[in-house]
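All remarks here apply to the structure that follows.
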Amino acid sequence: AEQGLSQSRLPSFTEAEKQRNKGTSDFFGLNYYTSALVFNDDTPKNPPSYDDDKDVRSEHDPSWPESGSGWLKMTPFGMRRTLDYIHGKYGGQRIWITENGISDRNDSLTDDHRIWYYEEYINNVLQAIDLDGANVIGYTAWSFMDNFEWSVGYDENFGMYNIDFEDPTTPRTRK
């Protein structure tokens, strides 16, 4: 309605569909990398878009440590807050962290920022479990080795193992 439409562009679930789906998931799968500061922004946008439908704007605190990706700041506190939210909202639903990791752009094998990232994020996961009661059943680090990253190709590296893509034998080296 705010964008001049008579109804939402998204379909609504019927009450019967809501009841049929309630409680049917085996676990909550969470891909988590970073946090953002989010503010209400209900300024009408033209033309409407996926991003504008959220009615928010977001930014990063400049004091948050950076990574090899412009969008990814190191915010381990956000992991715990997110797990706490899921735990409270979905009543103890089992949570599987399906992706969590940090990127670099320098092909360095000195990986101190990645060590710090994993130590801090995993510590916040443990706090969410031990202190807050979150039902975390699994954790997957992203990624075991460098790979092709969607829109940036091989420029951003999330792997714990470096791959030399310039060498036809693509040797792997532990970071």
Side-chain angles (χ1 to χ4, degrees), residues 24-38 49-51 53-54 56-175:
T24 61
S25 65
D26 294 325
F27 62 88
F28 188 109
L30 174 67
N31 288 9
Y32 187 88
Y33 291 89
T34 191
S35 297
L37 301 171
V38 180
S49 72
Y50 167 80
D51 283 331
D53 284 347
K54 294 182 277 188
V56 298
R57 66 179 171 83
S58 64
E59 59 188 49
H60 292 109
D61 185 316
S63 70
W64 293 345
E66 297 185 0
S67 71
S69 305
W71 59 270
L72 201 168
K73 309 300 181 198
M74 295 187 231
T75 56
F77 60 86
M79 172 69 90
R80 181 177 178 189
R81 290 180 185 175
T82 300
L83 292 170
D84 289 347
Y85 175 82
I86 296 166
H87 174 67
K89 177 81 174 169
Y90 299 105
Q93 173 71 37
R94 297 183 315 159
I95 304 166
W96 187 288
I97 300 167
T98 51
E99 286 186 21
N100 178 241
I102 188 75
S103 62
D104 65 69
R105 282 182 171 265
N106 58 11
D107 288 327
S108 172
L109 300 180
T110 304
D111 228 13
D112 293 336
H113 78 289
R114 194 175 322 274
I115 293 168
W116 182 89
Y117 180 94
Y118 282 121
E119 284 177 349
E120 294 297 318
Y121 273 73
I122 291 171
N123 184 50
N124 274 271
V125 171
L126 290 173
Q127 289 177 37
I129 294 167
D130 294 340
L131 302 177
D132 308 329
N135 189 10
V136 178
I137 61 169
Y139 176 91
T140 306
W142 187 261
S143 168
F144 175 65
M145 59 184 150
D146 292 340
N147 62 358
F148 186 84
E149 289 291 334
W150 294 93
S151 63
V152 293
Y154 298 112
D155 290 340
E156 295 176 8
N157 301 302
F158 281 81
M160 291 183 232
Y161 278 75
N162 174 272
I163 300 178
D164 183 353
F165 292 105
E166 302 298 319
D167 185 327
T169 64
T170 59
R172 282 95 169 140
T173 307
R174 183 171 50 114
K175 293 182 183 178

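- Comment: D61 does not engage K73 in a salt bridge, judged by the lack of any side-chain N to carboxylate O separation of less than 4.0 angstrom.
- Residue F28 holds its CZ atom at 9.5 Å from OG1 of T98, rounded to the nearest 0.5 Å.
- Residues F165 and D146 form a side-chain contact, since some pair of their non-hydrogen atoms from C-beta on lies under 4.5 Å apart.
- Residues Y32 and V125 fail the side-chain proximity criterion, which asks for heavy atoms closer than 4.5 Å.
- For the residue pair S103 and R105, no side-chain donor N or O sits within less than 3.5 Å of a side-chain acceptor on the partner.
- For E166, there are no salt bridge (charged side-chain N to carboxylate O under 4.0 Å, His left out) partners two or more places apart in sequence or in a different chain.
- With hydrogens and angles disregarded, a donor-acceptor distance shorter than 3.5 Å links the side chain of D167 to the backbone of T169.
- A donor-acceptor distance shorter than 3.5 angstrom exists from the side chain of Y121 to the backbone of Y33, with no hydrogens or angles considered.
- N100 and Y117 form a side-chain donor-acceptor contact under 3.5 Å, judged by distance and modelled atom types alone.
- Rounding to the nearest 0.5 Å places OG of S67 at 6.5 Å from CZ of F158.
- Note that OG1 of T170 is 11.0 Å distant from CG of N162, once rounded to the nearest 0.5 Å.
- Taking CE of M74 as the start and CZ of R114 as the end, the distance is 9.0 Å to the nearest 0.5 Å.
- The aromatic rings of H60 and W64 sit perpendicular, their planes meeting at an angle over 60°, well past the 30° parallel limit.
- Atom CE of M79 is separated from atom OG1 of T34 by 10.5 Å, given to the nearest 0.5 angstrom.
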Could you list the donor-acceptor pairs under 3.5 angstrom formed by side chains in residues 82-92, with sequence neighbours left out?
from : atom 1 : to   : atom 2 : distance (Å)
T82  : OG1    : G78  : O      : 2.8
H87  : ND1    : G133 : O      : 3.4

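- With sequence neighbours excluded, the residues that form a side chain to side chain contact (heavy atoms under 4.5 Å, CB included) with T110 are S108, D112.
- A distance of 5.5 Å separates OG1 in T140 from CH2 in W96, rounded to the nearest 0.5 Å.
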